[in-house]
Asker: 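After the structure tokens below, expect a handful of questions from me.
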Protein chains: 2
Amino acid sequence: MEDIDRQIVSLLLNDGRMSYTDLGKATGLSTSAVHQRVRRLEERGVIRGYAAVVDHEALGLPLTAFISIKPIDPSQPDDSPDRLSGIAEIEACHSVAGDENYMLKVRVARPSALEDLLARIRSSANVSTRTMIVLSTPYENRPTIR
Amino acid sequence: MEDIDRQIVSLLLNDGRMSYTDLGKATGLSTSAVHQRVRRLEERGVIRGYAAVVDHEALGLPLTAFISIKPIDPSQPDDSPDRLSGIAEIEACHSVAGDENYMLKVRVARPSALEDLLARIRSSANVSTRTMIVLSTPYENRPTIR
DNA sequence: GGTGAAAGCCAAATGCT
DNA sequence: AGCATTTGGCTTTCACC
């Protein structure tokens, strides 16, 4: 991928609503050239979409936690992601190498909601859980591009 | 926060570039009413901004890992987030409860870049590290709103 | 791939309810 | 708080390079 595409992606990571006009000014291209490049980046799947960045505390979900899970019966086929995908509190599910199989990131309103969530996770995926409660978040979703 | 604000936030989580006109159609409000609400949500910090959602593989950073860290000398003041904030590979830093102090999420190009990154993290923050390498990501950044 | 112009559409501000 | 209106800017397309 070209350097100018990286620049466009970087700018859109910082401001997903930046106009093509401003992207053009920042990159030294014409509005239509930038537009075309962004469209291609979207078509190729480099840019998957755009999302608002929200304050989860303000939305009533102040409690974040990481939950790593491990099947209780490792001989069974592991379809945990499918089994857990219906649980709205789970923001992310990563398959990981190591002692545990998956790392989940969840957001809930209260400790009691976390307790309830853990019970649902354990029963629907037949897994044991290990939970790390997030106390504060110095930074998150920083644009990782170089 | 009102229900209609939640609806707006939810729509913008799924498409951060949605126009005020379309937000108005979706919520049953006029364009200007939606615009006003979005502006207030931004002012109150409920909406922190907007960002492109990118495919990190396509950007040349296919390797994701979670690194939990613990100070080697717990008697020293713990300013790990500050010390690590200059490291571009670190996408997120969460202070967590439990055996370790912080949970980092990092993205790199290659295993050797992870090795290099771990060395930099250990030396700049004087911490021990525990790394969970992400094998695949069934889902990530799902809109956590209800 | 890039440019520039033309069209329609949208954002942003204002004033009214 | 919401709506209608307006102006200026932006998006989008297209013909051309």
Asker: Quick one: which of dA11(C), dA13(C), dG1(C) gets closest to the side chain of R40(A)?
Answerer: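 Nearest to the side chain of R40(A) among the choices is dG1(C).
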Asker: Tell me the interatomic distance from R37(B), atom CZ, to dA1(D), atom C1', rounded to whole angstroms.
Answerer: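 From R37(B) CZ to dA1(D) C1': 7 Å.
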Asker: Atom CG of L29(A) to atom P of dT11(D): distance rounded to whole Å?
Answerer: 15 Å
Asker: What is the distance from CG of L12(B) to P of dA11(C), rounded to the nearest Å?
Answerer: 11 Å
Asker: Round to the nearest Å and state the distance from Y20(B) atom OH to dT5(D) atom P.
Answerer: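 These atoms are roughly 21 Å apart.
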Asker: Can the ring centres of Y139(B) and H94(A) be said to be less than 6.0 Å apart?
Answerer: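 They do not qualify: ring centres at least 6.0 Å apart.
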Asker: To the nearest angstrom, how far is R39(A) atom CZ from dT11(D) atom P?
Answerer: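 Value for this atom pair: 12 Å.
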Asker: Starting at the 5' end of DNA chain C and moving along, which residue's nearest nucleotide shows up first, R17(A) or G28(A)?
Answerer: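 The residue closer to the strand's 5' end, by nearest nucleotide, is G28(A).
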Asker: What contact category does S32(A) fall into here, base, sugar-phosphate, or nothing, at under 4.0 angstrom with non-hydrogen atoms?
Answerer: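 Here S32(A) touches the bases of the nucleic acid.
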Asker: Roughly how many Å is it from CG in D22(A) to P in dC10(C), rounded to a whole number?
Answerer: 19 Å
Asker: Taking atom types as modelled and ignoring hydrogens, do the side chains of R107(B) and T64(B) form a donor-acceptor contact shorter than 3.5 angstrom?
Answerer: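 Yes, side-chain donor-acceptor contact under 3.5 Å.
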Asker: Going through the checks in order, is the side-chain hydrogen bond (donor to acceptor under 3.5 Å, both in side chains) test met by N101(B) and D78(B)?
Answerer: CA-CA 9 Å; N101(B) 290 35; D78(B) 179 4; 3.2 Å; yes
Asker: Considering only the P atoms, how many Å lie between dA12(C) and dT12(D), rounded to the nearest integer?
Answerer: 15 Å
Asker: May I have the distance from M18(A) (atom CE) to dT11(D) (atom C1'), rounded to whole angstrom?
Answerer: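 So the CE-C1' distance, M18(A) to dT11(D), works out to 15 Å.
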Asker: Could you give the OH-to-P distance, from Y50(A) to dT11(D), as a whole number of Å?
Answerer: 11 Å
Asker: Looking only at side-chain atoms of Q36(A), point me to the closest of dA1(D), dT3(C), dA11(C).
Answerer: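 Selected nucleotide: dT3(C).
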Asker: Kindly determine whether S124(A) and R83(A) satisfy side-chain hydrogen bond (donor to acceptor under 3.5 Å, both in side chains), including the steps that lead there.
Answerer: CA-CA 6 Å; S124(A) 36; R83(A) 288 174 179 276; over 6 Å; no
Asker: Between dA1(D), dG1(C), dA12(C), spot the one nearest the side chain of H35(B), thanks.
Answerer: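 In terms of side-chain proximity for H35(B), the closest of dA1(D), dG1(C), dA12(C) is dA12(C).
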Asker: Would E42(A) and Y50(A) count as having a side-chain donor-acceptor pair, cut-off 3.5 Å?
Answerer: yes
Asker: Looking only at side-chain atoms of T21(B), point me to the closest of dA11(C), dT13(D), dA1(D).
Answerer: dA11(C)
